[in-house]
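The next block holds one structure in the form of structure tokens; read it before the comments.
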There are 2 protein chains.
Amino acid sequence: MAFVEIRDLHKHIGQTVDVRGWLYNKRGSGKIQFLQIRDGTGFVQAVMGKQDATEAEFLAASGLGIESSIEVAGEVREDKRSPIGVELTCRRLKVLQEVKDYPIQITKDVPNIDWLLDRRHLWVRSRKPHAILKVRSEAVQAIRDFYYQNGFVLFDAPVFTPASCEGTSTLFEVPYFDEKAYLTQSGQLYGESGAMAFGKVVVFGPTFRAEKSKTRRHLTEFWMVEPEVAFLELDGIMDLAESQIRFVVQRCLERCKEELKTLERDISRLEPVAKPFPRISYKDAQKRLVELKAEFEKSADPDKQKLAKDILKNGLGDDMGAADETAISMQYDRPVMIHRYPAAVKAFYMKRDPADPEYVLGVDVIAPEGVGEIVGGAQREDDLEVLLARIREHNIPMESIDWYVDLRRFGTVPHGGFGMGVERCVQWICGCEHVRETIPFPRTIYRTKP
Amino acid sequence: MAFVEIRDLHKHIGQTVDVRGWLYNKRGSGKIQFLQIRDGTGFVQAVMGKQDATEAEFLAASGLGIESSIEVAGEVREDKRSPIGVELTCRRLKVLQEVKDYPIQITKDVPNIDWLLDRRHLWVRSRKPHAILKVRSEAVQAIRDFYYQNGFVLFDAPVFTPASCEGTSTLFEVPYFDEKAYLTQSGQLYGESGAMAFGKVVVFGPTFRAEKSKTRRHLTEFWMVEPEVAFLELDGIMDLAESQIRFVVQRCLERCKEELKTLERDISRLEPVAKPFPRISYKDAQKRLVELKAEFEKSADPDKQKLAKDILKNGLGDDMGAADETAISMQYDRPVMIHRYPAAVKAFYMKRDPADPEYVLGVDVIAPEGVGEIVGGAQREDDLEVLLARIREHNIPMESIDWYVDLRRFGTVPHGGFGMGVERCVQWICGCEHVRETIPFPRTIYRTKP
């Protein structure tokens, strides 16, 4: 017997076909049962009239519990009210496993998100997480396709690293036989060695931060895509980030229509990515923030008044705060690129701006709607002597970084790249409240289960 | 100035173009210099006659060290002897960084592979590792495309797991805030929860084994692709593995011609994957091994005589040894599938064969040419009571596995999948001696650097 996937039912109108999957929801009376069936590829309603089936089958359907596994034979009928355009008239029902007391009941309120996350292995069957994870799957393939089509070589960076070059407070340390290793926080330095070998590479894998902060924006384990390109300078890095973000969002808009509808996502908020992204320097952003602070203070909107208090909490030359990012991004309908941050707040490997060496040739991309930074990138310091001076200034032990310095000893060229957090990007596309909804099994300070 | 990538030079015959990259090798005399240039996309020879350049440029070219970064303007000439079909007549040379004493000299013998792996960040520029990693990049994209095109949803499994269900001797333990976590050895159990939600999923990420064995087949960190499918039984699992392996090998044969030539790979050894893969049961394999042992003992070939000693070292009902796998795979010109292993040597979650419950519905795929197992898969035990009994028999703590048992409580269906190690597969395609050559930065018991 050949079973038809629910996503393909529209090709079988008028035919009687077999479908298998799980009972997602049910309502009915003594005369008719409406069975919502899911098979992973879609959801369809199967209607069983008392006259359509044997008495035993109708009785079985009437008492069937949510998430029972079933096989159904039915006639495919066109139905304009159905999201997939068809319905089934149920002719036969076979129950594979009858389920009672499935813990996640659609009609009942659930206690809270932690209760659901404890049941994540089941919760992924529900419509909303199901839709978010399908968008994630599409977004990841879009990222992979974008780099592949543009001639990038995939260059997987290691998870076990000898040491970190940035702050060590958020590093996971692992006993490694008789030594120690650390879980990677970024594959960038490895990506740079790849760029010198392949011209254009992309690193794409899980990265780790021992984040103690319990915010809706942080996970201890998240996936990051990190392109790195030889001979690419800051403007080119911004062009690349813009193209990649646009490609991913457009792909999801095209191929995840149903999922975005399920999520009640206002897609008009995503459509502006087709237009050029605004680019603003850190210094201009600071000037703009002075204006916005004054404007928000006078605003009748309490949210703006609240924001005004937090704007420019850090002084000029310091990093931008979350309120600053939010205020700037509120001015635009699409991601905004803030470039040339103060060198003092950025990593040692970022190249200084020749026009003003207090600032670096770095860029952050801030997503709209309060999602915040989704991309951080930079042109790298490519001068051997300058890089060595930076390493000394930052007190980075030379023995841990000497291999990286080799890349400036042996054929250094201008180059750069960026990192984009996949979960943040999916959070923005789906309009999720919390980043932990965007990965199958989220890991946070209090959660390693299931 | 627009630079042309070396892979695109053949489109510019007769034109003068700019190329940038690194000096890969050089030979010449007082009258003419032959510069081998690489830019990551390819290798090209630029010929500089003394009359083609200024005296300063010719002098610079004559003294230029390997891996100097350069820009070259030159006329593209068709050349049948060139692997890319063209050569450059060099008209201008600009040296970006002059390099002396690049440590990996093509003309000199290198001490050993460990010396090269210490310099992996540079060694990836050399022709052979460069070719292997390009094949890896292509193979990974082929895997992703195969599952995407076949309607699978990407379902990333977590790296941090609460505990392992298989042996714990090869687990990496990580201090996780005030608790402990373990690095994943396989995403399969998580994949099963995905299959119940999405029908067809694929898990694809790095996995970890604290392997103390120093063999040419083991890494502590390697990438594994793990499809898992609802309603799929053993024959379907074998079909899926065969299709996926075939797709990946064919893609590499089509799109990595140059790389396989560089590796001097005998591609006639890969072409038989187009034909069906032989399938042989463990029991039939054991019978065949009795014959092969006798045959090899009488053989004049010392390798076969040696192998004969190790064949059937384990008794019937025990696992197959490496010699057994080698002897069986030598009988075929393509991967062989050995199915229905003794239950006693396989994992608790494999479903027993109803026709002979001492055996499980599992399959290993053995690659030819001594590469060994590249795929291990099985139909999973889908009966709640049987699974609970297996968990008790294996002394697996119920609190660590209860979430997995839920998948049999709430809508269980027949299902299965497999795992394929990416590095082993690339090792086979490229014909590499050692699996550590197939990943950018290999990690083994003695190596976490660079």
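Values reported hereafter were calculated over all heavy atoms of this structure, with side chains retained and with hydrogens, waters and symmetry mates removed. Per chain, numbering begins at 1; letters A, B, ... match sequence-line order.
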Do the side chains of [Y] and [X] get nearer than 4.5 Å, heavy atoms only?
X        : Y        : answer
A:Ile66  : A:Asn25  : yes
B:Arg120 : A:Ser193 : no
B:Glu423 : B:Arg136 : yes
B:Pro206 : A:Pro206 : yes

Part of [X] lying under 4.5 Å from any heavy atom of chain A:
X        : value
B:Trp22  : side chain
B:Lys200 : side chain
B:Arg409 : backbone
B:Asp402 : neither
B:Leu183 : side chain
B:Glu173 : backbone
B:Trp223 : side chain
B:Ile445 : both
B:Val140 : side chain

Shortest non-hydrogen contact from [X] to [Y]?
X        : Y        : result
A:Ala197 : B:Arg38  : O-NH1, 3.3 Å
B:Pro162 : A:Thr448 : CD-O, 3.3 Å
A:Val19  : A:Val4   : CG2-O, 3.9 Å
B:Ile143 : B:Val422 : CD1-CG2, 4.2 Å

Of the listed residues ([options]), which shares the most heavy-atom pairs with chain A below a 4.5 Å separation?
options                                : result
B:Glu138, B:His130, B:Glu192           : B:His130
B:Gly205, B:Gly151, B:Ala181           : B:Gly151
B:Tyr102, B:Tyr147, B:Tyr148, B:Trp123 : B:Tyr148
B:Ser126, B:Pro175, B:Ala157           : B:Pro175
B:Asp118, B:Val124, B:Asp101           : B:Val124
B:Val159, B:Val174, B:Ile439           : B:Val159

Considering residues, nucleotides and ligands other than A:Lys212, do more than 12 of their heavy atoms fall under 6.0 Å from its NZ?
no
More than 12 heavy atoms from other groups under 6.0 Å of CD on A:Glu98:
yes
Tell me which of these, [options], has more heavy-atom pairs under 4.5 Å with chain B than the rest.
options                               : value
A:Asp145, A:Val99, A:Thr412, A:Leu384 : A:Thr412
A:Leu122, A:Val201, A:Asp178, A:Leu96 : A:Leu122
A:Glu221, A:Lys449, A:Arg125          : A:Glu221
A:Pro103, A:Pro450, A:Gly65, A:Gly199 : A:Pro450
A:Glu179, A:Glu67, A:Lys134, A:Met196 : A:Met196

Checking B:Thr220 against A:Tyr176 for the side chain to side chain donor-acceptor pair (under 3.5 Å) test, could you report, in this order, the C-alpha distance in whole Å, the side-chain angles of both residues, the deciding distance, and whether it holds?
CA-CA 10 Å; B:Thr220 56; A:Tyr176 190 90; 2.8 Å; yes
Segment of [X] engaging chain B (4.5 angstrom heavy-atom cut-off):
X        : result
A:Asp39  : backbone
A:Glu399 : neither
A:Phe208 : side chain
A:Ala210 : both
A:Glu5   : side chain

Can you tell me how far apart OH (A:Tyr404) and OH (A:Tyr190) are? Round to the nearest 0.5 Å.
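If we round to the nearest 0.5 Å, A:Tyr404:OH and A:Tyr190:OH are 12.0 Å apart.
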Nearest-0.5 Å distance, CG of residue A:Leu219 to CZ of residue A:Arg209:
11.5 Å
Step through it carefully: locate the ring centre of A:Phe172, locate the ring centre of B:Phe160, and say whether they are under 6.0 Å apart.
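That pair passes the under 6.0 Å test.
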